Amino acid sequence: MIKAVTGTRDTLPSDIPKWNYLQSIVESVFSRFNYKEIRTPIFEDTSLFARGIGEATDIVGKEMYTFLDRSGESITLRPEMTAGAVRAFIEHSLDKKQNLNKLYYMGPMFRQERPQAGRFRQFHQFGAEALGSNDPLLDAEMIIMAYDIFAQLGLKNLLVKINSLGVPASRENYKNILKKHLEPFFEKLSSESKKRVDTNILRLFDSKEENDRNIMENAPLLLEYLDEDSLQHFEKVKQALLASRIPFEVDARLVRGLDYYTHTTFEIVSGSVGSQSALCGGGRYNLLVKELGGPDIPGIGFAAGMERILLACENEKSFTLDEEKLDLYLVTIEKGLENFSYNTALNFRRNGLTVDLDYLNRSVKAQMREANRTNSRFVLLIGGDEFARGEIVLKNMSTGAQKNFGKDEYDKILSEIKE
RNA sequence: GUGAGCAUAGCUCAGUCGGUUAGAGCAUCUGGUUGUGGCCCAGAAGGUCGUGGGUUCGAUCCCCAUUGCUCACCCCA
């Protein structure tokens, strides 16, 4: 048997309603904040991600689905959306059309990792990007939108964490201070952390090694070394969050994995999923647009993992959806009337009802069971004495009451069903 | 890439201290009025016990390998 490739999943008809529900909430929240949807290709030139996300990151280093196409181009399935959105923004000079572009997206992403609870190789994200303003209110807006979406889904067990990485100058300065501080402890660090001292020293705060954690416990924090502008920016973000009544905490150890972040970074984690608990993450990236060959324009964005969100919703039973119902099921009692039933069904379908009927030549009992199984509100019985008199019988499946109609009285039947 | 656990019917799982016809619940199908659902009752269908090899008179059960899944690490949404 051929099965879905490792880390990919089928979304079966029974799964679709909750996905649609999630998507409808995402769309409604984003559009109320006046974000416009953007769709970009699922694959891009490999160099876009190498430059945009950063060569040193795990995503680029070991997780991308990269291949040569038939003409020898190196192609990569998008592992995240920001790089593609920014590429499109630059390519179409969106900054020339309006000063601030507020964009959102939804779609599949690809990373070749070992699957785990809440992690897949093809997974889905929604997210937003605001390009063209350094206003801290936009930083807060991202967090508010994400939080509002989660809240509308009924999620409870959430924690908003924010931090600031400042600007490159103060960050470089701080990195040197941190490096000096760690020198006496260097030999005690885990081997992974030793490598990171040179490549990405901030990530040492992320280490789960007991020993590393102890060492980092007393390390100086970046927040203490931010320049004045960065501190003010961060302060305004916090004020906006306070005003929005979203609970948050400053986590000076929150360091995000992508190279392009400046100033604000944030993450919302759920206590209701497994160890992959980040439902969304994002931050400001004032250098990325320029890095990708565009104008010197600031940006901020976030991305949220839809599988993780739905997992949290299921574990918390945070919402329930109505059962899917049919308006009408046609039961043909008598052989030879199949065409009449079929055409009658078609007529009601064209009048906006959700209608089905038997295609398996089954007994009346089996047809009734099918009507029940599909949660049909009404059944139309076709055949027998009534049909010989020119009538068909409408049965209300919740009350069991039956009513006769002339077999051409579609309008009467329609209004009976619609009320 | 590393580690651990699991693999029996469509689904969720029993079970065999190695022995002949491998079970349950749910789901499916048929019947219980010649033309009426849900509940109930009766019955049916459905499994080469993940795959390959080994041990044995005999393996679904023990051993080895392999594949897949799950969870965790790394990292991330």
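In what follows, chains are A, B, ... by sequence order, proteins preceding strands, each numbered from 1. Remember, it's a predicted structure, so these values are computed and weren't measured experimentally.
Using bins of under 30°, 30° to 60° and over 60° for the plane-to-plane angle, the ring pair A:F266/A:F302 lands in the tilted bin.
As a whole-Å value, the separation of A:N315 CG from B:C71 P is 11 Å. Atom-to-atom, NZ of A:K325 to C1' of B:G38 comes out at 12 Å; the value is rounded to the nearest Å. Protein atom CD of A:E370 is 13 Å distant from nucleotide atom C1' of B:A27, rounded to whole Å. Rounded to whole Å, atom P of B:C29 lies 13 Å from atom CD of A:Q367. Residue A:L254 contributes atom CG, which lies 11 Å from atom P of B:C76 at whole-angstrom precision.
With hydrogens and angles ignored, the 3.5 Å screen pairs a side-chain donor or acceptor of A:R349 with a backbone N or O of A:V355. One N or O on the side chain of A:T46 and one on the backbone of A:S74 form a donor-acceptor pair closer than 3.5 Å. Looking only at distances, a side-chain donor or acceptor of A:N396 sits under 3.5 Å from a matching main-chain atom of A:T399.
Pair check for B:U56 finds none; no Watson-Crick or G-U wobble contact set falls under 3.5 Å. The partner of B:A42 is B:U30, by the rule that a Watson-Crick or G-U pair needs both atom distances under 3.5 Å. In a base pair of the Watson-Crick type (N1 to N3 plus N6-O4 or O6-N4) or a G-U wobble (N1-O2 and O6-N3), with each distance short of 3.5 Å, B:G1 is matched with B:C73. In this structure, B:U66 and B:G50 make a Watson-Crick or G-U wobble pair, each of the two defining distances being under 3.5 angstrom. Across all strands shown, B:C13 forms a Watson-Crick or G-U wobble pair with B:G23, both key distances being under 3.5 Å.
Note on A:G384: a base of the nucleic acid sits closer than 4.0 angstrom, heavy atoms only. Using a 4.0 Å heavy-atom criterion, one finds that A:G118 contacts the bases of the nucleic acid, with or without backbone contacts as well. As judged by a 4.0 angstrom heavy-atom cut-off over every strand, A:L279 is placed among residues touching the sugar-phosphate backbone only. Nucleic acid contact for A:A303: sugar-phosphate only, since backbone atoms but no base atoms lie under 4.0 Å from a heavy atom of the residue. As judged by a 4.0 angstrom heavy-atom cut-off over every strand, A:F120 is placed among the base-contacting residues.
B:G68 and B:U28: their P atoms are spaced 33 Å apart (whole Å). Separating the P atom of B:A9 from that of B:G47 is a span of 10 Å, rounded to the nearest Å. With C1' as the reference atom, B:G54 and B:C61 are 15 Å apart, rounded to whole Å. Using atom C1' as the reference point in both B:C40 and B:A72, the two lie 48 Å apart (nearest Å). If you take atom C1' in B:U8 and the same atom in B:U51, they sit 15 Å apart, rounded to whole Å. Across the C1' atoms, B:G3 and B:C62 are found 25 Å apart, a figure rounded to whole Å. If you take atom C1' in B:C17 and the same atom in B:A4, they sit 26 Å apart, rounded to whole Å. For the C1' atoms, the distance linking B:C11 with B:A27 amounts to 7 Å, nearest Å.
In this structure, the nucleotide among B:U36, B:C76, B:G32 sitting nearest to the side chain of A:K395 is B:U36. Of the candidate nucleotides B:U28, B:A77, B:G37, B:G37 has the atom nearest to the side chain of A:M368. Looking at the side chain of A:K3, the nearest of the listed nucleotides B:G68, B:A77, B:U30 is B:G68.
Distance CE/A:M142 to OH/A:Y35: 3.5 Å, rounded to 0.5 Å. In this structure, the separation between CG on A:D58 and CD1 on A:I53 is 11.5 Å, given to the nearest 0.5 Å. For the atom pair A:T57 OG1 and A:E80 CD, the distance stands at 9.0 Å (nearest 0.5 Å).
Residue A:T6 has a polar side-chain atom (N or O) positioned under 4.0 Å from OP1 or OP2 of B:C69. Checking the phosphate oxygens (OP1, OP2) of B:C69, no side-chain nitrogen or oxygen of A:Q116 falls inside 4.0 Å. At the phosphate of B:A72, neither OP1 nor OP2 sits under 4.0 Å from any side-chain N or O atom of A:R114. Distances shorter than 4.0 Å separate some side-chain N or O of A:S275 from OP1 or OP2 on B:C73.
A donor and an acceptor atom sit less than 3.5 Å apart, one in the side chain of A:K365 and one in the base of B:G32. Contact of A:E63 with B:C75 (side chain to base): no donor-acceptor pair of N or O atoms is detected under 3.5 Å. Judged by atom type and distance alone, A:Q402 reaches the base of B:U36 through a side-chain donor-acceptor pair under 3.5 Å. A donor and an acceptor atom sit less than 3.5 Å apart, one in the side chain of A:E386 and one in the base of B:G35. Contact of A:R362 with B:C29 (side chain to base): no donor-acceptor pair of N or O atoms is detected under 3.5 Å.
Taking the nucleotide of RNA chain B with the nearest heavy atom to each of A:A278 and A:A117, the more 5' of the two is matched to A:A117. Each of A:N372 and A:S363 was assigned the nucleotide of RNA chain B with the nearest heavy atom; the assignment lying further toward the 5' end belongs to A:S363.
Side-chain rings of A:F378 and A:Y329 stay apart, their centers remaining 6.0 Å or farther from each other.
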